[in-house]
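Below: one structure, written as structure tokens.
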Amino acid sequence: MTNLFAANLIHTEPLWRAIDQPMALKVLVATVGVALIAWELWWFLGRHGGGVAARESAAGVQEITITVDGGYAPSRIQMKAGRPLRLSFHRIDPSGCVAQVIFPDFHKTLDLPLEATTSLELPPTEVGIYPFHCGMNMVRGVLEVVDRSAKS
Amino acid sequence: MNAPSPSPPCCHAEGPAASADGMERELARERTLLRRKVSVAAVLTVLVVLSSLPHMLGEGHHSFLPPWFTSPWTQLLLTTPVLFWCGRDFFSGALSAFRQHSADMNTLVAAGTGIAYLTSLFSTAFPQVLIAEGLPTDVYYETAAVILTLVLLGRLLEARARGQTSEAIRRLLQLQPPTARVLRQGEPVDVPVSMVVVGDLVQVRPGEKIPVDGDVIEGSSWVEESMLTGEPTPVAKAAGDAVIGASMNRSGSFTFRVSRVGGDTVLAQIVELVRQAQSSRTQVQRLADQVVGWFVPVVIALAIAAFVVWFLISGNAVLAMLFLVSVLVIACPCALGLATPTSIMVASGKGAENGLIFRSAEALETAGGLHTIVLDKTGTLTRGQPEVTDFERLPNGLLPAGTLLALTAALESRSEHPLAEAIVTYAQSQWKNHELPAVEGFEAVAGRGVQGSIGGQHVRVGTPRWLEELGIDSAALQPLVERLEAAACSVAAVVVDGRIEACFGVADPLKPTSAAAVAALRRLGLQVVMLSGDAQRTAEVVAAQVGIERVIAEVRPADKASMVKRLQEQGEGPVAMVGDGINDAPALAQADVGIAMGTGTDVAIAASDITLISGNLAGVPAAIELSRAAMANIRQNLFFAFAYNVAGIPIAAGLLFPLTGWLLSPMIAGAAMAFSSVSVVSNALRLRNFRPAPLPVAAS
């Protein structure tokens, strides 16, 4: 049983005694551990899919709806350069952290009421990567503005 | 029935307060729910800790608690609601984030407490398995419950503190009164501010707030604008003067015509600019952003590594699990994420309270590191309203004074230069009731003067330097020029058919705070440079009056930007330019920080990084002080957040255990995590106490 105070947790307590484990178990634990680390890093930091392209309306405005639920779905949005973009955020996550979405490159903050869809219009933009994130900078997404001619 | 006809809906505009209301309500609701969860979690956690006391104190202690209360099943019963009702958001948030391939604070809390809970559950349900393996059958419910309660409490404190960071905007929004007394068919009617339209006539009585922006048409009063401009003294208002919505009328009554409503008002523009600044990020934040991006996955990797290493060393899976949980719950990505934005939020709000509008976080960042500050003379150091102080005919002049004044007034009335306006006003006051003669072939030579033909005579009004360039003999003018320039006057000579006839001395009085503001800038260690279109001598005299040693004179308006560029190229460090937003726009844009002197009604000056709403130069040292305070605060926050994680994670992973026997309880780790982000936000809130240093008494 742990104690509340660090100073009491010394190795004299029975919990901290060493236990002889078979080598096979040690190897197994080490292998599973390393595999778990590799998988976890790939899952969270690896690139999954190339992003979702915004669809274009008849008026020439690119539109996309993003669901806010623990993260942004989709979180990587592709859009064409030089055309306006309308982003609609539908927030279903009650956490206060995601109640705001910030676009630092556009100096824009959008309040996202719960269980509602809130839209933001962004002006035509040059090619580049424009990140956006929640008020606490934990939940993040990215606008990938690509060359009009490069993407059909 | 004749109902009063409402104004056309197309012209209505929601007040700036309306959009913020819904969000406020949601935040308040969230805080109430969070408070309830913290209370429930606290009660249950105290019971779980009590229940686990006999185990904690060891076998030898006499227990006064009944055995059923100290049973692991009771602890399981008490802990389950703490984790899965009070802490439900952590688990659902972590799961949603996981599906999106992202990991955050919720992931760490859910994984840490979840592992402690599941291990205990196994131990409770299958103790015989552990006994057979020679492992203790201990449970860690109290660890999971204590961590979760502390993190929830931390989240509540943080939510409260974060609410205070945007207090400045909320206070600004609350400045606008809900109704206005509008004259409808000559009768005053109280209508909601959102129904007021441009062109309405609004009455304001003593002690009332002015609801929207407009121009006074009748009556007079003193109006307190400090809440918007930072200017402490009330301003006199009479017919023709502009009034700002949300300012406070003092003693008189007046009627004004509405000029701006809704999102166009000065108040709405200030709120929008502050929000924009709060949405931008500093260079230093980019570093924190990069770290936050890979922080949580790396912490999870470290936690697994700690488990594996301790299992290999000790063979004790329970011990290894405790290290794993400690690492997960001590890491605090929130402290890193919040370090910069909270300080920027409080500082930009504090700026708005003092009439200093920062357009971006980067402006706030750069202003703190300025080395050189360039002040435009006219309108910045001086009032920008020049007056003729001298009119002198030359001894060898041929034309009478009246004719010269008429010719000059006729020519200068075609010019838009501020000096021309002063000369025309003077000439007309001296030479009343006469029609101005017609001018042919009028030409304005930038930075030099004006010329044209009047009644067959060629007339020039311009600087002595221009006359020299034209090769006109100005020897007779020299003594006059020297005397006037020594008195800080600009000189405009009148030349008729190539002969100098007279000259004007025009002076622009200094603003009362200029000298003190320059002294304050020097006290801040800045090199102060004055930029002026005046002759070198005139500029030097003005500079000496305000205590500036370095003067760049005879600069044409178009050359101001290149002068700023030259200073930047000469390695004068980051250079700020202070000037008006219109004539100096290119120079403001060229400078590292462009500071525009506002007029009280013009807030969104495009070329500027910082706008001083009141146009008082004392705002410049105040802005720089605020910027330095904000940057120091950000550095403290980042240092704390980085140092906390860099030191905390290795200790939690048991790095010090072999050397010192120190081991961090997961519960202490959870407490440390909960309070690290609270302390970052609390430190940012210290900026609310910022007060600009009082201006020094300038030696003049």
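Heavy-atom basis, side chains included; hydrogens, waters and symmetry copies ignored. In what follows, every chain begins at residue 1, and chains take the letters A, B, ... in the order their sequences are listed. Note that the structure is predicted; figures quoted are calculated from it, not measured.
Within the 4.5 angstrom heavy-atom criterion, only side-chain atoms of A:Val139, from C-beta onward, approach chain B. In this structure, chain B has no heavy atom under 4.5 Å from any part of A:Pro74. Within the 4.5 angstrom heavy-atom criterion, atoms from both the backbone and the side chain of B:Phe98 approach chain A. Looking at A:Trp42, neither its backbone nor its side chain comes within 4.5 Å of chain B, counting heavy atoms on both sides. For a residue to count as touching a neighbouring chain, one of its non-hydrogen atoms must lie under 4.5 Å from one of that chain's; by this rule A:Phe106 does not touch chain B. Contacts of B:Ala305 with chain A are made by both backbone and side-chain atoms, with heavy-atom separations under 4.5 Å. If you measure heavy-atom distances from A:Leu114 to chain B, the contacts under 4.5 Å come from both the backbone and the side chain.
Side-chain N or O atoms of B:His101 include one that pairs as donor or acceptor with a backbone N or O of A:Trp43 at under 3.5 Å. Checked by atom type and distance alone, the side chain of A:Gln21 pairs as donor or acceptor with a backbone atom of B:Gly315 at under 3.5 Å.
Atoms CG and CH2, on A:Leu41 and B:Trp294 in that order, are 11.5 Å from each other to the nearest 0.5 Å. The distance from atom CG of B:Asn106 to atom CG of A:Asp93, rounded to the nearest 0.5 Å, is 8.0 Å. Rounded to the nearest 0.5 Å, atoms CZ (B:Arg275) and CG (A:Asp111) are 5.0 Å apart. Interatomic distance, OG1 of B:Thr107 versus CZ of A:Phe44, reported as 5.5 Å (0.5 Å rounding). One distance of note links CD1 of A:Ile37 with CG of B:Leu302; it measures 8.0 Å at 0.5 Å rounding.
Pairs of residues two or more places apart, or lying in two chains, never qualify as salt bridge (Lys or Arg N to Asp or Glu O under 4.0 Å) while including a residue from residues 94-104 of chain B. For residues 295-314 of chain B, the set of pairs meeting the salt bridge (Lys or Arg N to Asp or Glu O under 4.0 Å) definition, not counting sequence neighbours, is empty.
Of the listed residues (A:Lys26, A:Arg140, A:Glu40), the one with the most heavy-atom contacts under 4.5 Å to chain B is A:Glu40. Interface check for chain A: of the options B:Ala277, B:Ser102, B:Gly93, B:Pro341, the most heavy-atom pairs under 4.5 Å are formed by B:Ser102. When the candidates B:Ala303, B:Ala103, B:Ser92 are compared by the number of heavy-atom contacts under 4.5 Å with chain A, B:Ala103 comes out ahead.
In terms of heavy-atom proximity, B:Arg359 sits nearest to A:His107 at O-ND1, 3.8 Å. Scanning all heavy atoms of the two residues, the minimum distance from A:Leu45 to B:Pro297 falls at CD2-CG, 3.7 Å. Across A:Gly33 and B:Ile304, no two heavy atoms sit closer than the pair O-CG2, 3.7 Å.
Atom CD of A:Glu126 sits in a sparse spot, with 12 or fewer heavy atoms from other residues, nucleotides or ligands closer than 6.0 Å.
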